[in-house]
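Below, chain A is the first sequence line, B the second, and so on; all start at residue 1. FYI, side chains are in, hydrogens and waters are out, and symmetry mates aren't considered; it's all heavy atoms of this structure.
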Amino acid sequence: MQLLSEQEIERRKDREELMKLGINPYPAEAFPINVTTEDIHRNYENRKNDYKSISIAGRLMSRRIMGSASFGEIQDATGRLQFYVRRDDICEGEDKTLYNTVFKKLLGIGDFLGLKGYIFTTQTGEISLHVTELTVLSKSVKPLPVVKRDEDGNVHDGFTDPEMRYRQRYVDLTVNPEVKKTFITRSRIITQMRRYFDDHGWLEVETPILQAVHGGAAARPFDTHHNTLDMPLFLRIANELYLKRLIVGGFDGVYEFGKMFRNEGMDRTHNPEFTSMEIYVAYKDYIWMMEMVEELIEQVTEKIHGKTKITVGNNEIEFAGPYRRLTMYDSIKEYAGIDVSKMDEDGLRKVCAEMGIETDATMGKGKLVDEIFGEKVEANLIQPTYITDYPIEMTPLAKKHRTEPGLVERFELFVNGKEIANAYTELNDPIDQRERFEDQLKLAERGDDEAMAMDEDFLRALEYGMPPTSGLGIGIDRLTMLLTNNTTIQEVLFFPQMRPEKKQVEMTEEEKGIFELLKAESPVAIADLKGKAGLSGKKWDVAMKGLTGKGVAKVTKEGDSITVSLVD
RNA sequence: GAUUCCGUAGCUCAGCUGGUAGAGCAAUACACUUUUAAUGUAUGGGUCCUGGGUUCGAGCCCCAGCGGGAUCACCA
């Protein structure tokens, strides 16, 4: 409920005027399209004969009106095309209304049009559509920001405010083509990954988002409630334990792209819901998985960019494998100059103190090592690097290392200083797994609120037997950020989480009272409403003026009867 | 959560030391049949985020709140 701006009122009038002229601003009929603007730009020069009778549709994005002929730009899903429209071409005979009134006055930037005609090249060499027929497809009653670009591609009146761009992504996508490109790339990344997995014969599956036990990761969940079962449920923080159940069930390879939900802080790399891809392949280990990930990432990058070396921020990153492999302890040795491999908890705590890393009593050995790693190593890992062999304490779902006691077979892939993938040789010994869960419970008792919960059904599945398996998780949002050169997660999510927009118009007690009466009956005769409101003359007057002033209510006078109605 | 910056026309932004609210684009009107950030002339358009306070006077100063960005902390 908001007062309309001058331009919004103007556009609503244009809509009415179109109707009065017998033109439906929102026609029901489909509009046949036989080409896209992208196709025209790409192929017209070589196949001019194919573009003599074309039909396109899209938004009117700019107009240059000159007397009885005009230029404009129409934007479809693939791009923009200049069009040239002459009064006498679209208005045969004496009636020039379609050009003089409809095109010049009643249409505006943002309106959807259908255009028919033929392609030609202007004197200045721009491929354009010579319009012979113009159809209104949808009238826009809210003015779109007009973003201008000069010959060098400089943007002049950008739609740049992040808040508005994220809240009104539809506008962002309409006026900022590079934003649209990012999301197309995101979709293509997922498509390519899916193709790779399918080509290997692995099965795409779906597992529960509502879970009674939130397992598979260390994070705080969103909780909800099922009414019929009258039980608490959680939005999943991970799907790992369900995918492993499917491996137990006999699938050789299963993968899932899906949203995960974590009830934690938000920043440029964290959104409460995010997309992950998890895959589990039987009879494999994490060495095999490293080779698979290299091939996957290399192929995806090649398909998206046509090459494997791309620029991310200030860095040139080579995505072609093989990637460097470095154990967790070696990486700390290399970048921090300290050998922590033999240290106990007290020793690690001392190292942290020397490095100025804050620690607390809830931190176990694994977490301390991770802190040192995060502080000293992570940011240095620019080119794709596998960090392998993590301390057992921080990884309750991975198998113990085949040769190194105290470690597990796990790797994380780091690129540009950020983690983008995480993988294990999966723990399939049910007795070991139960002990690991019990260790997690001990951590929880120490106050670690992210320690993993015991999942009895998952343990039962393991007891039936799970084949040796390797599993991998990739953060799709982060991979997309990397491959589209974006530094905030909001730029790769269509609708990033936001606080609710603006509160409703505030009303006084008297105004609220009248508003409630109007909700029950509207329109209503003003005398009746005043009677029901039971306010003093003065209060009634002030409240009514308030409501009309806020655009909530409207007073109409027809002859002798005055009625009040709600404005929607 | 902490720190810090920001919120003014449909959009992008000015607004000095507190003194009647400005520009470009967009809109409206007129002119113009190959323009392209079209052009020329004229016109209209404001809850200066909200609520308090100080003051003769607040877009500007003070307090509180709302929303957003950046940095830090936690997490992926």
Side-chain angles (χ1 to χ4, degrees), chain A residues 2-11 13-14 62-73 80 82-89 99 104-105 108-110 120-126 128 130 140-168 171 175 217-220 237-238 260-276 358 360 367 370-371 374 412 418-422 449-450 473-479 481 487-490 496 498-503 505-506 549-551:
Chain A
Q2 208 177 346
L3 294 175
L4 295 176
S5 70
E6 185 189 33
Q7 294 193 41
E8 288 172 305
I9 292 164
E10 182 65 39
R11 282 169 172 265
K13 276 189 204 151
D14 292 343
S62 72
R63 286 191 303 174
R64 294 181 283 279
I65 291 174
M66 308 171 302
S68 50
S70 302
F71 284 90
E73 282 179 297
R80 289 189 187 189
Q82 174 169 272
F83 65 84
Y84 176 62
V85 57
R86 277 200 312 211
R87 183 187 61 203
D88 297 342
D89 289 337
Y99 181 80
K104 283 169 77 169
K105 310 249 184 248
I109 289 171
F120 73 111
T121 307
T122 64
Q123 285 177 0
T124 50
E126 178 150 345
S128 307
H130 193 121
S140 156
V141 296
K142 209 169 173 63
L144 213 53
V146 176
V147 178
K148 299 218 169 192
R149 275 155 225 272
D150 63 21
E151 280 177 10
D152 305 323
N154 300 314
V155 175
H156 288 273
D157 290 287
F159 179 65
T160 53
D161 180 55
E163 179 170 2
M164 279 199 284
R165 287 185 47 233
Y166 301 152
R167 287 195 197 282
Q168 304 183 38
V171 176
V175 304
R220 292 205 304 273
I237 57 174
M260 304 299 153
F261 306 85
R262 298 192 184 174
N263 205 342
E264 290 175 350
M266 294 165 58
D267 62 23
R268 51 168 33 193
T269 55
H270 298 86
N271 194 66
E273 59 182 282
F274 64 100
T275 302
S276 86
E358 281 183 34
D360 61 62
K367 196 135 193 185
D370 195 39
E371 289 290 322
E412 290 188 308
K418 307 253 161 50
E419 184 211 324
I420 65 160
N422 181 22
D449 58 358
E450 284 163 355
I474 294 182
I476 295 299
D477 310 296
R478 299 216 175 148
L479 180 63
M481 286 165 66
T487 52
T488 78
I489 199 168
Q490 291 160 311
M498 292 284 226
R499 284 199 158 84
E501 204 172 351
K502 294 259 168 69
K503 48 300 165 188
V505 188
E506 303 248 340
K550 283 166 185 152

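- For the salt bridge (Lys or Arg N to Asp or Glu O under 4.0 Å) test, no residue two or more places apart in sequence or in another chain qualifies with A/Lys104.
- A/Met260 comes within contact range of no nucleotide atom at all, as no heavy-atom separation falls under 4.0 Å.
- Expressed to the nearest 0.5 Å, how far CD1 of A/Ile489 lies from CE of A/Met266 amounts to 9.5 Å.
- Here A/Gly158 lies in heavy-atom contact (under 4.0 Å) with sugar-phosphate atoms only.
- Annotation: side chain to side chain contact (heavy atoms under 4.5 Å, CB included) contacts of A/Asn422 (sequence neighbours excluded): A/Arg410, A/Glu412, A/Glu419, A/Tyr424.
- Taking atom CG on A/Asp150 and atom P on B/rG24, their separation rounds to 19 Å, with Å as the unit.
- Residue-level contact check: A/Arg262 touches the bases, meaning some heavy atom is under 4.0 Å from a base atom.
- Counting heavy atoms from C-beta on, the side chains of A/Arg220 and A/Ile237 never come closer than 4.5 Å.
- Under the Watson-Crick or G-U wobble criterion, with both distances below 3.5 Å, B/rU47 is left unpaired in every strand shown.
- Nucleotides B/rG59 and B/rA14, compared at atom C1', are 12 Å apart to the nearest Å.
- A distance of about 14 Å separates the P atoms of B/rG65 and B/rU4, rounded to the whole Å.
- Searching all strands for a Watson-Crick or G-U wobble partner of B/rU54 with both distances below 3.5 Å returns nothing.
- A donor-acceptor pair under 3.5 Å is formed between the side chain of A/Arg478 and the backbone N or O of A/Thr269.
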Whether each nucleotide of nucleotides 26-35 of chain B has a protein heavy atom under 4.0 Å at its base (B), only at its sugar-phosphate (S) or at neither (-) is summarised, 5' to 3', as BSSSS-BBBB
Short N/O separations, protein against nucleotides 2-8 of chain B, under 3.5 angstrom:
none

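- The salt bridge (Lys or Arg N to Asp or Glu O under 4.0 Å) check on A/Arg86 picks up A/Asp89, with sequence neighbours excluded.
- Partners of A/Val147 according to the side chain to side chain contact (heavy atoms under 4.5 Å, CB included) rule, which considers only residues two or more places apart in sequence or in another chain, are A/Arg149, A/Val155, A/Phe159, A/Val175, A/Asn176.
- Residue A/Arg167 has a polar side-chain atom (N or O) positioned under 4.0 Å from OP1 or OP2 of B/rG68.
- For A/Leu4 and B/rG10, the CG to P distance is 11 Å, given to the nearest whole Å.
- In the model, A/Ser70 has no side-chain atom that pairs as donor or acceptor with a side-chain atom of A/Tyr84 under 3.5 Å.
- Atom CZ in A/Arg165 sits about 14 Å away from atom C1' in B/rC11, given to the nearest Å.
- At the heavy-atom level, A/Thr160 lies under 4.0 Å from the strands shown only through sugar-phosphate atoms.
- When the nucleotides B/rA76, B/rC11, B/rG67 are ranked by their closest atom to the side chain of A/Ile489, B/rA76 comes out on top.
- A gap of 15 Å separates the C1' atoms of B/rG68 and B/rU50, to the nearest Å.
- Residues forming a salt bridge (Lys or Arg N to Asp or Glu O under 4.0 Å) with A/Glu73 (at least two apart in sequence, or on another chain): A/Arg80.
- Using a 4.0 Å heavy-atom distance criterion, A/Asn271 is classed as a base contact.
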Using atom names, set out every protein N or O paired with an N or O of nucleotides 69-74 of chain B below 3.5 Å, distance rounded to 0.1 Å.
from: B/rG69; atom 1: OP1; to: A/Gln490; atom 2: OE1; distance (Å): 3.4
from: B/rG69; atom 1: OP1; to: A/Gln490; atom 2: NE2; distance (Å): 2.7
from: B/rU71; atom 1: OP1; to: A/Arg268; atom 2: NH1; distance (Å): 3.3
from: B/rU71; atom 1: OP1; to: A/Arg268; atom 2: NH2; distance (Å): 3.2
from: B/rU71; atom 1: OP2; to: A/Arg268; atom 2: NE; distance (Å): 3.0
from: B/rU71; atom 1: OP2; to: A/Arg268; atom 2: NH2; distance (Å): 3.4
from: B/rC74; atom 1: N4; to: A/Asp267; atom 2: OD2; distance (Å): 2.8

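- B/rG1 is paired with B/rC72 under the Watson-Crick or G-U wobble criterion, all donor-acceptor distances under 3.5 Å.
- The pairing partner recorded for B/rU41 is B/rA29, the criterion being a Watson-Crick or G-U wobble arrangement whose two distances lie under 3.5 angstrom.
- Distance noted for atom P between B/rG45 and B/rA70: 37 Å (whole Å).
- Taking the C1' atom of each, B/rU8 and B/rC13 are spaced 9 Å apart, rounded to whole Å.
- Here A/Arg262 pairs with nothing under the side chain to side chain donor-acceptor pair (under 3.5 Å) rule; sequence neighbours left out.
- A/Ser5 meets the side chain to side chain contact (heavy atoms under 4.5 Å, CB included) test with A/Gln7, A/Glu8; sequence neighbours excluded.
- In this structure, B/rA14 forms no base pair with any nucleotide, since neither Watson-Crick nor G-U wobble geometry is met with both distances under 3.5 Å.
- For A/Arg11, the salt bridge (Lys or Arg N to Asp or Glu O under 4.0 Å) partners are A/Asp111, not counting sequence neighbours.
- Remark: A/Gln82 engages A/Arg64, A/Phe71, A/Thr122, A/Glu126, A/Ser128 in a side chain to side chain contact (heavy atoms under 4.5 Å, CB included) (not counting sequence neighbours).
- Distance noted for atom P between B/rC49 and B/rU12: 14 Å (whole Å).
- Note: CZ (A/Arg149) to P (B/rA37) measures 13 Å, nearest angstrom.
- The separation of B/rC61 from B/rC25, taken at their P atoms, amounts to 30 Å, rounded to a whole angstrom.
- Remark: C1' of B/rA9 and NZ of A/Lys142 are 13 Å apart, rounded to the nearest angstrom.
- Rounded to a whole angstrom, the distance from the C1' atom of B/rU43 to that of B/rU47 is 24 Å.
- For the pair A/Lys367 and A/Glu371, the salt-bridge criterion is not met [side-chain N within less than 4.0 Å of a carboxylate O].
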